[in-house]
Structure formats: C-alpha cells, structure tokens
Amino acid sequence: MMISIRSLSKSYAAPEGKIIQALHCCSLDIESGSFTVFIGKSGSGKTTLLKLIAGLEQPDSGAVEFEATPAPRLGFMFQDPRLLPWLTVEQNLALAFPPAKSKAEKAVVRDEIARILSLTGLEGRAVSLPHELSGGMAQRVALARCLCRNPAVLLLDEPLCSLDTFNRLHLRNELEKLRQQFGLTVILVTHNIEDAVFFADRIFLLNEGKLDGEIAISLKRPRDYHSAEFQEHCRKIEGMVIR
C-alpha cells in the first residue's frame, strides 16, 4: 500500500464555541498507481481529508502513512488556478523548482518547463500572463505546475468544477493521459458523479465526515461516458449520495 489512512479525525472551532467534526475516524488504504475519488455533499469532509493527506493541516487524531521513505513528493491542484497575476506562465512554473543560480541551471529549468508545457498542450503560452488565458488554460497551467514537482501523488481538489463543458471534457482527458504516462497515484475530491466514474478505480462516499460507502469501477479505459455501463455506475453513485 502506498498510502495508509488510519483512524483520521479532524474538528474545527465554530462561532459561539461550537465544535464541527469535519472528519471522524476514517481508515482506508490507497494503492500505488490507483485513482481514488471521494464524493459527497458540501461539508462532508472531502477537502479536509485531502488537506490532511497533503500535510496542509494536522489531524486531531490518527495518521496518514506513506510506504515510501522519505514520503513521496506530492502535487496539490486547487479548485482555482492560484497563479500569480504579475508573472508569466513560465515564471509561475519556475516557482515550483529550487532557485536556479547558474546559467546552466536556469537553462535546465527552462527546458523542463518547455517540456511540461508541451505535455499539457500549452506550447506558445510561456510568456502569457494569467489574465490572457482562458479558464481551461489557466487550470492546465496549474496542472503543469504540479507536474514540475515531479510528484508521485497528485491531489485534486475539484479542479474541474469551474470549467465549461468543453474545457471540462478536455481537461478530463488530459488528466487521464498524464496519469497513465507518469504512473501517478491520484486522489480526487468532487461533487460531480460523471467525473468520479470517468476517473476512479474506487469511489468512496463521505457523509458528515464519515466514510459511508464504497464502489469499485472496473470499466475499461479510456471510458465512454455515453455507454450504458458508464451510466449505470453513475446511477449507483447517485443512489449512494441521495439515499
């Protein structure tokens, strides 16, 4: 197992002294190279779980354990691109690398950025500023920034939620292609049932901070979301969510 989640719990202090239990005693194992999706309503604990896995927050109890020593490099992709507006695409991506001191080091970084821009379909956009990009392009830059870290694990916090239908479909395909090419372990949180079925090997339902159901998706890749089998899985997940 690449990632083991053991009895993970997290609470937050709310106004008037109330305590919100965002996550309660969650335990599961995530296989190396797999695509795991957490789905659930708003406030179900999805993003909290993702941040705990990333180490962006600390649990009240329990642990996230990585089989590899040291822990594998992680990439985290947020709902919005979070690009620095005064920097070009190339300059935004350069922030993911250690500071280059010599001309030779700077050349290596530029070459690697050019390679990753090509992989993500952003050739010719190195000198563009964020305001010159479409929403879909900006999200691809955010994905490219993750890949600059050469991650073993990619954590996705609803990165498709703000995109129109065309850009959503395009970035879906890009993510799937890159996952296979790099052999990434991917964890996605989403509200979108079609996204979940398109990507997942396993889908977990989160309900009020607790794991409340699991379904394995064995459809062949690439997945056809028009197929009867795909739509049947969507209906099963919908039934889990709204029961």
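Computed over heavy atoms, backbone and side chain alike; hydrogens, waters and symmetry mates excluded.
Residues Ile215 and Leu205 share a hydrophobic cluster, clusters being chains of Ile/Leu/Val/Met/Phe/Trp/Tyr side chains in contact below 4.5 Å. Cluster annotation: Ile116 and Val109 are assigned to distinct hydrophobic clusters (Ile/Leu/Val/Met/Phe/Trp/Tyr, side-chain heavy-atom contacts under 4.5 Å, transitive). Under a hydrophobic-cluster definition in which Ile, Leu, Val, Met, Phe, Trp and Tyr are linked whenever side-chain heavy atoms come within less than 4.5 Å, directly or via other members, Val89 and Leu147 are assigned to different clusters. Leu119 and Leu122 fall into different hydrophobic clusters, where Ile, Leu, Val, Met, Phe, Trp and Tyr are joined by side-chain heavy atoms under 4.5 Å apart, directly or via other members. Hydrophobic clustering places Leu175 together with Leu219 (ILVMFWY residues linked when any side-chain heavy atoms are closer than 4.5 Å, directly or through intermediates).
Surrounding CD of Gln231 are more than 12 heavy atoms belonging to other residues, nucleotides or ligands, all under 6.0 Å away. No more than 12 heavy atoms of other residues, nucleotides or ligands lie within 6.0 Å of NZ in Lys51, so this atom counts as exposed by the packing criterion.
Scanning all heavy atoms of the two residues, the minimum distance from Pro81 to Arg145 falls at O-NH2, 2.6 Å. Taking all atoms of both residues into account, the shortest heavy-atom contact from Val37 to Ala200 is CG2-CB, 3.5 Å. Residues Gly209 and Cys26 share a closest heavy-atom pair of O-SG, 3.6 Å. Nearest heavy-atom pair across Glu214 and Met240 is N-CE, 3.8 Å. When all heavy atoms of Pro151 and Gly75 are compared, the pair lying nearest together is CB-N, 3.6 Å. Contact detail for Glu123 and Gly121: the closest heavy-atom pair is OE1-C, 3.3 Å.
In this structure a side-chain-to-backbone donor-acceptor pair under 3.5 Å is missing from Glu194 to Tyr225. Side chain of Asn92 to main chain of Leu83: no donor-acceptor pair is present (N/O by atom type, distance under 3.5 Å, no hydrogens or angles). Remark: the backbone N or O of Ile217 is not paired with any side-chain donor or acceptor of Arg202 at under 3.5 angstrom. In this structure, the side chain of Ser27 engages the main chain of Ser7 through a donor-acceptor pair within 3.5 Å.
Contact check on Asp29 versus Arg6 returns a salt bridge, with a Lys/Arg side-chain nitrogen under 4.0 Å from an Asp/Glu carboxylate oxygen. The pair Arg235-Glu238 fails the salt-bridge criterion, with no side-chain N (NZ, NE, NH1 or NH2) lying under 4.0 Å from an Asp/Glu carboxylate O. A salt bridge is defined here as a Lys NZ or Arg NE, NH1 or NH2 lying under 4.0 Å from an Asp or Glu carboxylate O, and Arg110 with Glu90 fails to meet this definition. Note on Asp80 versus Arg82: salt bridge recorded, some NZ/NE/NH1/NH2 to OD/OE distance being below 4.0 Å.
To the nearest 0.5 Å, the span separating CG on Asp212 from OG on Ser44 amounts to 10.5 Å. A distance of 7.5 Å separates CG of Leu8 from CD1 of Ile53, quoted to the nearest 0.5 Å. Of the inter-residue distances, the one linking Cys148 atom SG with Ile113 atom CD1 reads 5.5 Å to the nearest 0.5 angstrom. The distance from the CD1 atom of Ile5 to the CG atom of Leu28 is 4.0 Å, given to the nearest 0.5 Å. Rounding to the nearest 0.5 Å places OG1 of Thr120 at 10.0 Å from CZ of Arg115. Separating the SG atom in Cys146 from the CG atom in Leu184 is a distance of 10.0 Å, to the nearest 0.5 Å.
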> Taking it one step at a time, do Leu23 and Ser9 satisfy side chain to side chain contact (heavy atoms under 4.5 Å, CB included)?
Replying inline: CA-CA 5 Å; Leu23 207 63; Ser9 295; 5.7 Å; no
>> With side chain to side chain contact (heavy atoms under 4.5 Å, CB included) as the criterion, how do Glu65 and Ile3 come out once you've worked through the C-alpha distance, each side chain's angles and the decisive distance to 0.1 Å?
In response: CA-CA 6 Å; Glu65 299 174 350; Ile3 306 173; over 6 Å; no
> Hey, mind stepping through Leu154 and Thr185 against side chain to side chain contact (heavy atoms under 4.5 Å, CB included) and telling me if it holds?
Replying inline: CA-CA 6 Å; Leu154 188 59; Thr185 301; over 6 Å; no
> Are Arg172 and Asp195 close enough, and set up right, to give a side chain to side chain contact (heavy atoms under 4.5 Å, CB included), and what steps lead you there?
Replying inline: CA-CA 8 Å; Arg172 264 187 196 169; Asp195 287 347; 2.6 Å; yes
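At least one cation-pi condition fails for Arg149 and Phe76: the charged atom is not both under 6.0 angstrom from the six-membered ring centre and inside a 45 degree cone around its axis. Figure legend: Arg223 and Phe198 shown without cation-pi pairing, the cationic atom not lying both under 6.0 angstrom from the six-membered ring centre and within 45 degrees of its axis.
Inter-residue side-chain proximity for His191 and Lys46 is flagged as met; some heavy-atom pair is nearer than 4.5 Å. Using a 4.5 Å heavy-atom cutoff, the side chains of Gln139 and Leu171 are in contact. Using a 4.5 Å cut-off on side-chain heavy atoms (C-beta onward), Val189 and Leu156 make no contact. Side chains of Leu155 and Met77 form no contact here, defined as non-hydrogen atoms less than 4.5 Å apart. Annotation: side chain of Glu112 is in contact with side chain of Phe97 (closest heavy-atom distance under 4.5 Å). Two residues are said to be in side-chain contact when any heavy atoms from C-beta on lie closer than 4.5 Å; Arg125 and Thr88 fail this criterion. With contacts defined as side-chain heavy-atom distances shorter than 4.5 Å, the pair Ile203/Val197 qualifies. Counting heavy atoms from C-beta on, the side chains of Leu188 and Thr36 never come closer than 4.5 Å.
With no hydrogens or angles considered, a side-chain donor-acceptor pair links Asp157 and Thr47 at under 3.5 Å. Side-chain atoms of Asp60 and Ser11 form a donor-acceptor pair, as typed in the model, at a separation below 3.5 Å.
No option in Asn167, Leu163, Leu169 other than Leu169 meets the side-chain contact (heavy atoms from CB on, under 4.5 Å) test with Thr165.
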